[in-house]
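Note sheet for the following structure.
Please read all numbers here as calculations on a predicted model, not as lab measurements.
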Amino acid sequence: MKEKKCTNDHETQENLQAEVDEQTPVCDTPSEETDKETGETDEMTSLKQQYDELKDSYLRLMAEYDNFRKRTLKEKAELIKSGGERVVTGFLEIADDIELAISNINGATTMEGVKEGVELIHSKFMSTMKSQGVVEIPTIGEEFDSERYEAVAMVPVTEPAQKGKIIDCIKKGYSLNDKVIRHPKVVVGN
């Protein structure tokens, strides 16, 4: 009977082991579900990492653009402010010359000296304007162009070559860096 008991114990152990083996999945190779979960998790991790990198890159780019915009606005404001200062500084010397001429007019013995002083001041004024980019628009003898000139009168002419050309200038015009800032008032041949 003892042998039978041993055999039964041994059979019972084998049966128990078989039951445990049936209930426990074999883990030597991962199942398809585990592969899918791991693959999806890896893909999600990869996508999240890419998203985080793109988001960081976007935020940095936006910050750089905002800094650039602010810096540009500040530079423009400073340029406008200092540009006006440069122009005014150029004309201050001319104002000094005009004041000197006015004080010397009373003591002048001849008009020749006054005339010469005024011509020098005018010459200095025109050279200062030219250094700032202001240029007188040529008129007499030029072909009339309504974009550049303002016709105040039309006069009949005898020569056919003068038709449509500027004969006289009533008021000078000026351009600043090739942009007309004051149109010359002219008389045109008809």
Working to the nearest 0.5 angstrom, can you tell me the gap between [X] [atom1] and [Y] [atom2]?
X	Y	atom1	atom2	answer
Leu120	Leu100	CG	CG	11.0 Å
Ser175	His183	OG	NE2	11.0 Å
Ile170	Glu150	CD1	CD	11.0 Å
Ile140	Cys169	CD1	SG	6.5 Å
Glu85	Ile80	CD	CD1	14.0 Å
Asp56	Glu53	CG	CD	8.5 Å

Is Glu78 atom CD crowded by more than 12 heavy atoms from other residues, nucleotides or ligands, each under 6.0 Å away?
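Enclosed.
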Minimum heavy-atom separation for Ile167 to Gly189, with atom names?
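Looking at all heavy atoms of both residues, the shortest contact is CD1-CA, 3.3 Å.
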Gly173 versus Pro184, closest heavy-atom pair with distance
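In terms of heavy atoms, the two residues are closest at N-CB, 3.4 Å.
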Do [X] and [Y] have side-chain heavy atoms sitting under 4.5 Å apart?
X	Y	result
Pro138	Arg148	yes
Lys171	Arg182	yes
Lys48	Asp52	yes

Linking I/L/V/M/F/W/Y whenever their side-chain heavy atoms sit closer than 4.5 Å, directly or via other members, would [X] and [Y] fall into one cluster?
X	Y	answer
Tyr51	Leu54	no
Phe144	Val157	no
Tyr149	Val180	yes

Connected hydrophobic set around Val134, excluding itself, where side chains approach under 4.5 Å:
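For the cluster that includes Val134, the remaining residues are Val87, Phe91, Ile94, Ile98, Ile102, Ile121, Phe125, Met126, Met129, Tyr174, Leu176, Ile181.
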Contacts of Lys55 that satisfy salt bridge (charged side-chain N to carboxylate O under 4.0 Å, His left out) - sequence neighbours left out:
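Partners of Lys55 by the salt bridge (charged side-chain N to carboxylate O under 4.0 Å, His left out) criterion come out as none, since no residue qualifies.
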Qualifying salt bridge (charged side-chain N to carboxylate O under 4.0 Å, His left out) pairs, either residue in residues 113-137, two or more places apart
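Salt bridge (charged side-chain N to carboxylate O under 4.0 Å, His left out) check on residues 113-137 returns Glu93-Lys124, Asp97-Lys124, Glu136-Lys172.
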For Lys76 and Thr72, run side chain to side chain contact (heavy atoms under 4.5 Å, CB included): C-alpha distance rounded to whole Å, both residues' side-chain angles, the deciding distance at 0.1 Å, then the answer.
CA-CA 6 Å; Lys76 281 183 183 178; Thr72 304; 4.1 Å; yes
Judged by atom type as modelled, is there a donor-acceptor pair below 3.5 Å linking the side chain of Ser46 to the main-chain atoms of Asp42?
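Between the backbone of Asp42 and the side chain of Ser46 there is no qualifying donor-acceptor contact (under 3.5 Å).
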